[in-house]
A.B. asks: 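Have a look at this one before I ask anything.
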Amino acid sequence: MKKILFFFSLMLLPLAANSQVAKFKSVFTLNFIRHIGWPEATKEGDFVIGVIKDKEIVSWLEKLSEGKKFGFQDVVIKEFKSVEEIENCQVLFVSSSINFNKYSSDIISKVGGKNTLIVCESEGATTNGAMFNFVVRDEKLKFEIHKANAAKFGLQISSKLEGMAAAISL
């Protein structure tokens with residue numbers, strides 16, 4: 001019986017590790033917003049963080065932002081089940097379950113001109129318009145930063161983010 005429990009617990013370790021990765025991505029995403037120069041138009045109403053197809057990221061973002069404000073704005077987390085559902089949001093987290101590289105033009109047309117920060121977790125996403133992209137390098141979670149993509153959306157990324165150990169500037 002002990003052997004069965006031991007092997008069962010070993011099988012759960014990757015799930016716990018994945019949950020921790022989701023938590024770190026959520027923490028980073030919430031920290032990114034403090035290091036962005038946002039246009040005045042984004043500072044009215046709620047501060048909306050949209051997530052496409054990732055219930056775990058949604059759950060972590062809700063836990064971590066509960067009762068919090070960004071400036072004078074309430075932080076609101078919205079879950080989108082598809083690209084077609086995307087609505088106005090200041091941050092859009094595109095999960096790896098959506099092929100950002102394939103749908104980047106559709107996603108960008110949904111948020112284009114709306115000062116939306118796009119955060120992805122797909123290899124090559126910054127070459128297709130994302131401003132931040134989570135990647136694993138040397139078995140460590142890191143994030144790519146693409147300031148030029150942010151500038152196209154009227155956003156300015158602080159150089160403080162580039163100085164972080166997990167940052168990869170492009």
Side-chain angles (χ1 to χ4, degrees), residues 17-54 56-78 80 86 88-98 100-101 104 107-108 110-170:
N18 285 341
S19 180
Q20 288 300 310
V21 169
K23 179 181 179 182
F24 288 130
K25 288 178 182 178
S26 300
V27 168
F28 273 119
T29 300
L30 288 171
N31 282 317
F32 292 157
I33 65 177
R34 291 188 278 152
H35 297 285
I36 302 296
W38 297 95
E40 288 302 313
T42 62
K43 297 178 182 179
E44 296 175 7
D46 292 330
F47 190 90
V48 180
I49 301 173
V51 179
I52 305 175
K53 289 187 82 169
D54 195 321
E56 191 169 17
I57 294 289
V58 168
S59 177
W60 276 113
L61 286 171
E62 287 174 342
K63 286 177 194 171
L64 294 168
S65 67
E66 186 176 355
K68 299 231 165 81
K69 291 187 176 286
F70 180 64
F72 296 105
Q73 298 170 283
D74 291 326
V75 176
V76 175
I77 311 302
K78 284 188 179 180
F80 305 124
I86 298 171
N88 290 343
C89 50
Q90 283 88 341
V91 178
L92 181 63
F93 186 99
V94 182
S95 76
S96 60
S97 63
I98 297 287
F100 181 77
N101 298 325
S104 61
I107 291 169
I108 290 171
K110 283 281 208 180
V111 299
K114 297 179 184 160
N115 309 115
T116 301
L117 182 73
I118 300 173
V119 179
C120 294
E121 51 181 6
S122 300
E123 200 64 50
T126 54
T127 60
N128 289 301
M131 293 85 174
F132 289 96
N133 186 42
F134 289 107
V135 294
V136 176
R137 299 285 187 264
D138 301 322
E139 298 182 21
K140 293 180 181 159
L141 180 65
K142 297 192 176 265
F143 57 90
E144 299 172 324
I145 302 171
H146 202 295
K147 284 183 154 184
N149 288 345
K152 291 176 189 174
F153 281 72
L155 305 172
Q156 295 176 336
I157 298 174
S158 169
S159 58
K160 289 181 182 180
L161 285 175
E162 292 176 293
M164 294 180 68
I168 302 169
S169 296
L170 301 173

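The figures that follow rest on heavy atoms only: side chains count, while hydrogens, waters and symmetry mates do not.
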A.B. asks: Sequence neighbours excluded, which residues qualify as salt bridge (charged side-chain N to carboxylate O under 4.0 Å, His left out) partners of K53?
C.D. replies: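 Per chain and number, K53 pairs via salt bridge (charged side-chain N to carboxylate O under 4.0 Å, His left out) with no residue.
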A.B. asks: Any chance you could lay out the side chain to side chain contact (heavy atoms under 4.5 Å, CB included) test for I118 and I108, step after step, and finish with the verdict?
C.D. replies: CA-CA 9 Å; I118 300 173; I108 290 171; 4.0 Å; yes
A.B. asks: With sequence neighbours excluded, what pairs up with K69 under the salt bridge (charged side-chain N to carboxylate O under 4.0 Å, His left out) test?
C.D. replies: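 Salt bridge (charged side-chain N to carboxylate O under 4.0 Å, His left out) check on K69 returns D74.
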A.B. asks: Please report, to 0.1 Å, the donor-acceptor pairs under 3.5 Å made by any side chain of residues 42-50, with sequence neighbours excluded.
C.D. replies:
from	atom 1	to	atom 2	distance (Å)
T42	OG1	P39	O	2.7
K43	NZ	E40	OE2	3.4

A.B. asks: Between F134 and F32, what is the ring plane arrangement, given parallel below 30°, perpendicular above 60°, and tilted in between?
C.D. replies: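 Taking F32 first and then F134, their aromatic rings lie parallel (interplane angle under 30°).
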A.B. asks: Among H146, E144, K142, exactly one meets side-chain contact (heavy atoms from CB on, under 4.5 Å) together with N133. Which residue is that?
C.D. replies: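 For N133, the side-chain contact (heavy atoms from CB on, under 4.5 Å) test succeeds with only one of H146, E144, K142, which is E144.
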A.B. asks: How long is the span from the CG atom in L161 to the NZ atom in K147, to the nearest 0.5 Å?
C.D. replies: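 That separation rounds to 8.5 Å.
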A.B. asks: If you compare all heavy atoms of N101 against all heavy atoms of G124, which two are closest, and at what distance to 0.1 Å?
C.D. replies: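 For N101 and G124, the tightest heavy-atom pair comes out as OD1-O, 3.3 Å.
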A.B. asks: With rounding to the nearest 0.5 angstrom, report the CD1 to CD1 distance, I57 to I52.
C.D. replies: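 Spacing of CD1 (I57) from CD1 (I52) equals 13.0 Å.
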A.B. asks: Determine, stepwise, if the pair K110 / I107 fulfils side chain to side chain contact (heavy atoms under 4.5 Å, CB included).
C.D. replies: CA-CA 5 Å; K110 283 281 208 180; I107 291 169; 5.7 Å; no
A.B. asks: If you measure from CD1 on I77 to CD on E66, what distance do you get to the nearest 0.5 Å?
C.D. replies: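 Those atoms lie 11.0 Å apart.
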A.B. asks: Contact between V119 and F143 at the side-chain level, heavy atoms closer than 4.5 Å - yes or no?
C.D. replies: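 V119 vs F143: side chains apart.
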A.B. asks: Tell me, with the steps shown, if W38 and I33 meet side chain to side chain contact (heavy atoms under 4.5 Å, CB included).
C.D. replies: CA-CA 9 Å; W38 297 95; I33 65 177; 4.1 Å; yes
A.B. asks: Using the test side-chain contact (heavy atoms from CB on, under 4.5 Å), find all partners of K68 that sit at least two apart in sequence or belong to another chain.
C.D. replies: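 K68 satisfies side-chain contact (heavy atoms from CB on, under 4.5 Å) with no residue once adjacent residues are dropped.
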A.B. asks: When rounded to the nearest 0.5 angstrom, what distance separates CG in L61 from CD in E56?
C.D. replies: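 If I round to the nearest 0.5 Å, the distance is 11.0 Å.
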A.B. asks: Check whether N149 reaches the backbone of T126 with its side chain - one donor and one acceptor, N or O, closer than 3.5 Å.
C.D. replies: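 Here the side-chain-to-backbone pair exists.
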A.B. asks: Do F132 and F28 have their ring centres less than 6.0 Å from each other?
C.D. replies: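 Aromatic pair excluded; centres sit 6.0 Å or further apart.
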A.B. asks: Go through the steps for I157 and I36 under the test side chain to side chain contact (heavy atoms under 4.5 Å, CB included), then give the verdict.
C.D. replies: CA-CA 5 Å; I157 298 174; I36 302 296; 3.7 Å; yes
A.B. asks: Would you give the length of the straight line joining atom CD of Q20 to atom CG of L141, rounded to the nearest 0.5 angstrom?
C.D. replies: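 If we round to the nearest 0.5 Å, Q20:CD and L141:CG are 11.5 Å apart.
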A.B. asks: What pairs with S122 under side-chain contact (heavy atoms from CB on, under 4.5 Å), at least two apart in sequence or on another chain?
C.D. replies: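 In terms of side-chain contact (heavy atoms from CB on, under 4.5 Å), with neighbours along the sequence ignored, S122 is linked to F100, A125.
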A.B. asks: Quick test of your reading: applying salt bridge (Lys or Arg N to Asp or Glu O under 4.0 Å), list the pairs with at least one residue in residues 116-135, sequence neighbours left out, ordered by first then second residue.
C.D. replies: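 Salt bridge (Lys or Arg N to Asp or Glu O under 4.0 Å) check on residues 116-135 returns K25-E121, E123-R137.
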A.B. asks: Quick one: CG on N115 to SG on C89, what's the gap to the nearest 0.5 Å?
C.D. replies: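 Taking CG in N115 and SG in C89, the distance rounds to 11.5 Å.
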